[in-house]
2 protein chains.
Amino acid sequence: MSEPHWLTQEERATWLALTGLITKLPGALDAQLTRDAGLSFYEYMVLAMLAESDDGVLRMSALAELTNGSLSRLSHVVQRLERQDLVRRETCADDRRATNAILTDEGRDRVEAAAPGHVRHARTLVVDAVSAQDLATFGRVGEAILDRVADQRRG
Amino acid sequence: MSEPHWLTQEERATWLALTGLITKLPGALDAQLTRDAGLSFYEYMVLAMLAESDDGVLRMSALAELTNGSLSRLSHVVQRLERQDLVRRETCADDRRATNAILTDEGRDRVEAAAPGHVRHARTLVVDAVSAQDLATFGRVGEAILDRVADQRRG
DNA sequence: CTCCTTTTGTTTATGGTTCAAGTAATCCTA
DNA sequence: TAGGATTACTTGAACCATAAACAAAAGGAG
């Protein structure tokens with residue numbers, strides 16, 4: 001017997017596409033990056049966000065926001081990156097509760113080496129998969145969903 | 001200094017929305033389901049796909065496909081569900097290599113109890129977040145991406 | 001028929017994420 | 001200017017996912 005569908009057929013197809021995406025895409029991104037650069041996707045994001053910041057320095061809490069991760073997750077990951085000398089940590093002078101994550105030269109080399117392949121992969125899987133217009137719509141919907149997720153966590 | 005952008009600004013925004021989605025949405029879905037039904041999202045998918053099948057019976061490999069998971073992951077999860085008497089396993093009579101996963105009455109009760117809240121959550125976060133037309137576009141793009149991910153794994 | 005390959009699934013080990021608790025500095029209120 | 005609350009982050013344990021090795025049945029070539 002089949003469970004009742006409280007979504008229309010088209011809504012359900014969209015929902016299943018989205019759930020497929022969130023279960024399969026992380027693995028696909030991790031696979032390319034670990035194979036070609038020895039980094040997980042999340043590790044790459046941490047390094048990339050630092051590289052894009054003005055001087056390669058960001059507070060842990062800011063970095064957690066930018067990478068969409070929890071502070072706890074970030075703390076563990078930065079600890080691992082620190083062991084490889086890709087990042088180092090300093091307690092912030094202004095507010096001694098806070099700590100700054102700082103990209104090392106070696107860390108910068110590593111992201112810069114990883115970036116081209118990662119971007120090419122992003123193009124192959126996503127950006128070049130559909131028309132520019134559909135991609136733009138896809139992005140706007142994604143942002144709308146993220147807003148709702150954020151609302152959920154607050155309220 | 002900022003890393004060069006090999007994506008246009010709009011492409012990059014879309015890409016970041018997607019990466020945000022794949023890192024935050026799983027947690028949001030797990031949170032609702034564990035809180036309200038004591039199931040992870042993946043566990044829910046396993047039970048739901050069984051419930052939607054004709055007689056609550058599916059081969060492990062078919063179930064893995066439907067839930068977007070690896071056979072290994074599924075095997076572990078079904079083992080846990082089996083301990084809770086939500087599912088049981090039988091080796092398939094036709095092909096004795098294969099295993100059928102079978103939804104128990106208790107398992108069916110459990111999904112049916114969980115479903116309304118889950119669907120409501122899906123509506124709140126996604127389906128009702130945007131216009132029907134944008135949602136449809138979003139779904140089509142998602143499917144196109146999934147196709148590319150599948151291609152990647154093969155060739 | 002026999003052997004080799006492929007399919008199907010399980011299991012073990014490893015590593016990463018999350019959750020809850022803990023620490024330390026800062027803020028705020030009276 | 002205490003004192004308690006809040007913020008910012010870290011840590012340890014429990015849990016889950018992944019990957020690689022394994023087992024067992026089926027298919028296929030000679």
Side-chain angles (χ1 to χ4, degrees), chain A residues 19 22-35 38-46 57-84 87-102 153-154, chain B residues 22-35 38-46 57-84 87-102 149 153-154:
Chain A
T19 61
I22 67 176
T23 67
K24 286 184 149 163
L25 199 50
L29 299 183
D30 278 333
Q32 183 271 324
L33 277 167
T34 55
R35 175 166 48 77
L39 292 171
S40 72
F41 174 66
Y42 189 76
E43 288 169 340
Y44 174 85
M45 282 290 280
V46 167
V57 179
L58 284 172
R59 284 204 186 175
M60 291 293 281
S61 47
L63 194 47
E65 273 289 319
L66 288 170
T67 58
N68 301 299
S70 68
L71 209 38
S72 175
R73 179 181 191 179
L74 179 64
S75 185
H76 286 294
V77 169
V78 167
Q79 192 176 16
R80 292 196 293 271
L81 293 175
E82 212 171 13
R83 285 199 212 101
Q84 307 179 43
V87 167
R88 60 194 178 77
R89 279 188 280 200
E90 269 177 16
T91 72
C92 181
D94 300 1
D95 183 342
R96 289 159 45 81
R97 288 171 302 182
T99 96
N100 284 326
I102 305 169
R153 275 199 90 64
R154 272 193 289 279
Chain B
I22 66 177
T23 67
K24 286 184 150 163
L25 199 49
L29 299 184
D30 278 334
Q32 183 271 323
L33 276 167
T34 56
R35 175 167 46 76
L39 293 170
S40 73
F41 173 67
Y42 189 75
E43 288 169 340
Y44 174 84
M45 282 290 280
V46 168
V57 180
L58 284 173
R59 283 204 187 174
M60 292 294 281
S61 48
L63 194 47
E65 273 290 320
L66 288 169
T67 57
N68 301 299
S70 69
L71 211 38
S72 175
R73 180 182 192 180
L74 180 64
S75 185
H76 286 295
V77 169
V78 167
Q79 193 175 18
R80 293 197 291 271
L81 293 174
E82 213 171 11
R83 286 199 212 99
Q84 302 178 257
V87 167
R88 60 195 178 77
R89 278 188 282 198
E90 269 178 16
T91 73
C92 181
D94 300 0
D95 183 342
R96 288 160 46 80
R97 289 171 301 183
T99 303
N100 283 325
I102 305 168
V149 171
R153 275 200 92 63
R154 272 191 289 277

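Since the structure is predicted, the reported quantities are computational estimates derived from the model, not experimental observations. Just so it is clear: chains get the letters A, B, ... in the order the sequence lines come, proteins before strands, and each one is counted from 1.
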Please give, in whole Å, the distance from D:dC15 P to B:D30 CG? 15 Å

Taking all heavy atoms of A:G38 and all of A:E43, pick out the closest pair and write down the distance. O-OE1, 4.3 Å

Just so I know, are the side chains of B:R59 and B:D95 near enough to count as touching, which here means a heavy-atom distance under 4.5 Å? yes

Would you mind building the protein contact string for nucleotides 4-11 of chain D? One character per nucleotide, 5' to 3', B for base within reach (heavy atoms under 4.0 Å), S for sugar-phosphate only, - for untouched. ---BSBSB

Which atom pairs, one a donor and one an acceptor, fall under 3.5 Å between side chains of residues 76-84 of chain B and the rest of the protein, sequence neighbours left out?
unit_1 : atom_1 : unit_2 : atom_2 : d
B:E82  : OE1    : B:R89  : NE     : 3.2
B:E82  : OE1    : B:R89  : NH2    : 3.1
B:E82  : OE2    : B:R89  : N      : 3.1

In whole Å, what is the span from the CG atom of B:D94 to the C1' atom of D:dG27? 16 Å

Short question: side chain of A:N100, backbone of A:I102 - any donor-acceptor pair under 3.5 Å? no

Identify the heavy atoms of A:N68 and B:T23 that sit nearest to each other, and give their distance. CB-OG1, 3.1 Å

Using a 4.0 Å cut-off to any heavy atom of chain A, which nucleotides of DNA chain C are the first and last in contact, reading 5' to 3'? C:dG16 to C:dT26

Given side chains that start at C-beta, do those of B:L74 and B:Y42 come closer than 4.5 Å, heavy atoms only? yes

Can you find a pair of side-chain heavy atoms, one from B:Y44 and one from B:L29, that are under 4.5 Å apart? no

N/O donor-acceptor pair under 3.5 Å between B:D30 side chain and B:S40 backbone: no

